Chemist: 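I have a structure here, written as structure tokens, and I will follow up with some questions on it.
All values below come from the heavy atoms of this structure, side chains included, with hydrogens, waters and symmetry mates left out. Predicted, not measured: the structure shown is a model, and the values here were computed from it.
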Number of protein chains: 2
Amino acid sequence: MPTLDPHPRQNHLLAALPAADAERIFPQLEYVPMPLGHVLYESGIQMRHIYFPTTSIVSLLYVMEDGASAEIAVVGNEGIVGVSLFMGGETTPSRAVVQSAGHAYRWSGPALKDEFYLAGPMQRLLLRYTQSLMTQMAQTAVCNRHHTLDQQFCRWLLLSLDRLSSNELVMTQELIANMLGVRREGVTEAAGNVQRAGLITYQRGHITVIDRPGLEARTCECYAVVKKELDRLLPYSNAL
Amino acid sequence: MPTLDPHPRQNHLLAALPAADAERIFPQLEYVPMPLGHVLYESGIQMRHIYFPTTSIVSLLYVMEDGASAEIAVVGNEGIVGVSLFMGGETTPSRAVVQSAGHAYRWSGPALKDEFYLAGPMQRLLLRYTQSLMTQMAQTAVCNRHHTLDQQFCRWLLLSLDRLSSNELVMTQELIANMLGVRREGVTEAAGNVQRAGLITYQRGHITVIDRPGLEARTCECYAVVKKELDRLLPYSNAL
DNA sequence: GTCAATCTGTCTGCTGGCGCACATACGGCC
DNA sequence: GGCCGTATGTGCGCCAGCAGACAGATTGAC
């Protein structure tokens, strides 16, 4: 973690707020732990809060009738969980699960909506982030259609890595398989390939990235598209 | 077509506007033809207008570096093309192509934004539609991951059908393959299967649906999820 | 009516990922 | 230090969809 003291500005959207807005909004936020596996909201169930992750990562998953699942998007300190609160739907047909433990700031739905209708900088940030989230979803669809498991594994790794401030990730192959919507054995093979190529080391749920550029070269264009679009929509300069 | 005279209310979002708002907005709209194959906007290029299809269908496609493509979502008279104009990004990394010829109303970007910031019924409709579009994208990702070409073909057919007021679709297998991001031969086989099952007849670019419930039974859950979510977010009662 | 372009059907490998069944290896706990 | 649960590696047959080549069929233009 870059800072030990928790602060809302560890989330990039909150960090981008002008001082006047921050002064109004920050006191309304509640700092909460995000334990691994915690379900923030369930398909079709109304959510009460919107979450601004700081050190945690959250996966948006769709779980099918037969129990199989697929990740739709991943959210970390660059974004928010719960866009449907201000988009007007209140619920979505997906599930949000903490994929990497940490913390987040949460904001109650009604307070968020009041702020949203002020049509100030916060609204602008929320909508822009939502657009970047759409790009991520779209690219996930494309990637699922056209790219190999090896490429998708690298893309997933990079997306997760970008949302942490470390080059290590705690995650079993079983869980990665759930996210990607593939078999655990498939992940074993992909991870083995990438490890043999010297890009990562994998040890019982601990992935350490050795050669990040190597990973970027090995993945498909989807990673770059998503990252570039996020940077374009929400340039992050004023980090804490 | 249910009505011969073109009218903005043939688009479901415009139809849902209260009279006062309609009076203000409708005069700003321009009725335009949407010829087959017309590109409304290209990846990364700023769009000038937002489109409200009435009798046309538009596909949102992502085109990869190697030229392969995949459909991300499909938009007809239930929605709009160009959400990034009010979401703030101005562009998206995808392409919008007319998949079924017809007409649409278009609205200039600046005028749209003025209306958006009034935070009235139009804003509410636009945001809710955007959320339903996100659901469609997410479900496309899931479907691409888990379901067979047969199922996806049926899903695609039903989604397109819902956006027309006819049980016939003009579309070659080659084009469908582009949309789904699969080989043309794959579509031939899927279409053959569905035809042999007596659900459609296919003749040189003309698909006629015979047994709609049969199609619904043959497709995956993805179709129902998308449709249900659209109905929930934007119940369409006051049709023209 | 003829011809050419376009659209559709089919065949032959081939490969990536699935499903299932095991064989390990690590690592914390008593 | 041994044990057990959890995590990982690997083998096999199988199948959906790919790649490419080609044969028929329909349509529209002349």
Side-chain angles (χ1 to χ4, degrees), chain A residues 36-37 64 66-71 99 140-157 168-197 200-208 218-220, chain B residues 36-37 64 66-71 99 141-157 168-197 200-208 218-220 222:
Chain A
L36 179 64
M64 301 200 308
D66 68 3
S69 62
E71 191 178 73
Q99 178 205 106
T140 303
V142 171
C143 204
N144 283 352
R145 160 63 67 214
H146 288 291
H147 299 134
T148 64
L149 184 41
D150 262 41
Q151 292 177 305
Q152 295 184 38
F153 175 73
C154 293
R155 170 178 65 87
W156 185 89
L157 216 51
E168 198 190 322
L169 224 127
V170 180
M171 175 75 47
T172 66
Q173 299 185 345
E174 179 82 46
L175 283 177
I176 297 179
N178 283 156
M179 302 291 166
L180 293 179
V182 298
R183 286 182 322 147
R184 198 265 313 158
E185 291 90 329
V187 174
T188 299
E189 201 179 324
N193 294 340
V194 177
Q195 183 160 21
R196 273 187 292 281
I200 62 169
T201 60
Y202 207 129
Q203 275 178 22
R204 252 186 121 64
H206 289 253
I207 312 176
T208 309
R218 202 183 175 95
T219 193
C220 45
Chain B
L36 180 65
M64 301 200 307
D66 68 3
S69 62
E71 191 177 74
Q99 178 204 106
V142 171
C143 204
N144 283 352
R145 161 62 65 213
H146 288 291
H147 299 134
T148 65
L149 184 43
D150 263 42
Q151 292 176 306
Q152 295 185 38
F153 174 73
C154 293
R155 170 178 65 86
W156 185 89
L157 216 52
E168 198 190 323
L169 224 127
V170 180
M171 176 73 49
T172 67
Q173 298 184 347
E174 179 82 46
L175 283 177
I176 297 178
N178 283 157
M179 302 291 166
L180 293 179
V182 298
R183 287 182 321 144
R184 198 265 314 157
E185 291 89 330
V187 174
T188 300
E189 201 180 324
N193 294 339
V194 177
Q195 183 161 21
R196 274 187 291 281
I200 62 169
T201 60
Y202 205 130
Q203 276 178 22
R204 248 186 125 66
H206 289 252
I207 312 175
T208 309
R218 203 183 175 96
T219 193
C220 45
C222 300

Chemist: Expressed in angstrom and rounded to an integer, what is the separation of A/Ile207 atom CD1 from D/dA7 atom P?
Modeler: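 Rounding to the nearest Å, CD1 of A/Ile207 and P of D/dA7 are 13 Å apart.
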Chemist: With a 4.0 angstrom cut-off to heavy atoms of chain A, pull out the first and last contacting nucleotide of DNA chain C, in 5'-to-3' order.
Modeler: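 Footprint of chain A along DNA chain C, 5' to 3': C/dG17 to C/dG27.
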Chemist: So which pairs with a foot in residues 175-184 of chain A pass side-chain hydrogen bond (donor to acceptor under 3.5 Å, both in side chains), sequence neighbours left out?
Modeler: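 Matches after skipping sequence neighbours: A/Arg184-A/Thr188.
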Chemist: Distance check needed: D/dC18 C1' versus B/Asp66 CG, whole Å only.
Modeler: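 Rounded to the whole Å, the gap is 14 Å.
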Chemist: Rounded to the nearest 0.5 Å, what separation is found between the NE2 atom of B/His146 and the SG atom of B/Cys222?
Modeler: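 Going from NE2 on B/His146 over to SG on B/Cys222, the span is 9.0 Å.
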Chemist: Between A/Met64 and B/Val142, does a side-chain contact (heavy atoms from CB on, under 4.5 Å) hold up when you go through it step by step?
Modeler: CA-CA 9 Å; A/Met64 301 200 308; B/Val142 171; 3.9 Å; yes
Chemist: Would you compute the distance between atom CZ of A/Phe153 and atom CD1 of A/Ile176 and round it to the nearest 0.5 angstrom?
Modeler: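 With rounding to 0.5 Å, CZ (A/Phe153) is 5.0 Å from CD1 (A/Ile176).
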Chemist: Within the 4.0 Å limit for protein heavy atoms, which parts of nucleotides 25-30 of chain D are touched? Write it as a string from 5' to 3', B for base, S for sugar-phosphate only, - for none.
Modeler: BBS---
Chemist: For A/Gln151, which residues count as a side-chain contact (heavy atoms from CB on, under 4.5 Å) partner, sequence neighbours excluded?
Modeler: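 Partners of A/Gln151 under the side-chain contact (heavy atoms from CB on, under 4.5 Å) test: A/His147, A/Thr148, A/Cys220.
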Chemist: Rounded to the nearest Å, what distance is computed from the NE2 atom of residue A/His206 to the P atom of nucleotide D/dT8?
Modeler: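 In whole Å, D/dT8 P lies 10 Å from A/His206 NE2.
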Chemist: Among residues two or more places apart or on two chains, list those pairs meeting salt bridge (charged side-chain N to carboxylate O under 4.0 Å, His left out) that have a residue in residues 144-155 of chain B.
Modeler: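 Sorted pair list: B/Asp150-B/Arg218.
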Chemist: Do A/Gln152 and A/Asn144 pass the side-chain contact (heavy atoms from CB on, under 4.5 Å) test, and can you show the C-alpha distance, the side-chain angles, and the key distance before you say yes or no?
Modeler: CA-CA 8 Å; A/Gln152 295 184 38; A/Asn144 283 352; 3.4 Å; yes
Chemist: Mind checking whether B/Leu169 and B/Trp156 have side chains closer than 4.5 Å, heavy atoms only?
Modeler: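 Yes. Closest side-chain heavy atoms under 4.5 Å.
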Chemist: For A/Asn144 and D/dA16, what is the distance between atoms CG and C1' respectively, to the nearest whole Å?
Modeler: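 Nearest whole value for this atom pair: 16 Å.
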Chemist: Verify side-chain contact (heavy atoms from CB on, under 4.5 Å) between B/Gln195 and B/Thr201, making sure each step is shown before the conclusion.
Modeler: CA-CA 6 Å; B/Gln195 183 161 21; B/Thr201 60; 4.1 Å; yes
Chemist: Just to be sure I understand the geometry, which residues of residues 176-194 of chain B put a non-hydrogen atom under 4.0 Å away from DNA chain D?
Modeler: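 Of all residues in residues 176-194 of chain B, the ones placing a heavy atom under 4.0 Å from DNA chain D are B/Val182, B/Arg183, B/Glu185.
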Chemist: Is it the case that atom CD in A/Glu189 sees more than 12 heavy atoms from other parts of the structure closer than 6.0 Å?
Modeler: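 No - once you tally the heavy atoms of other residues, nucleotides and ligands closer than 6.0 Å, there are 12 at most.
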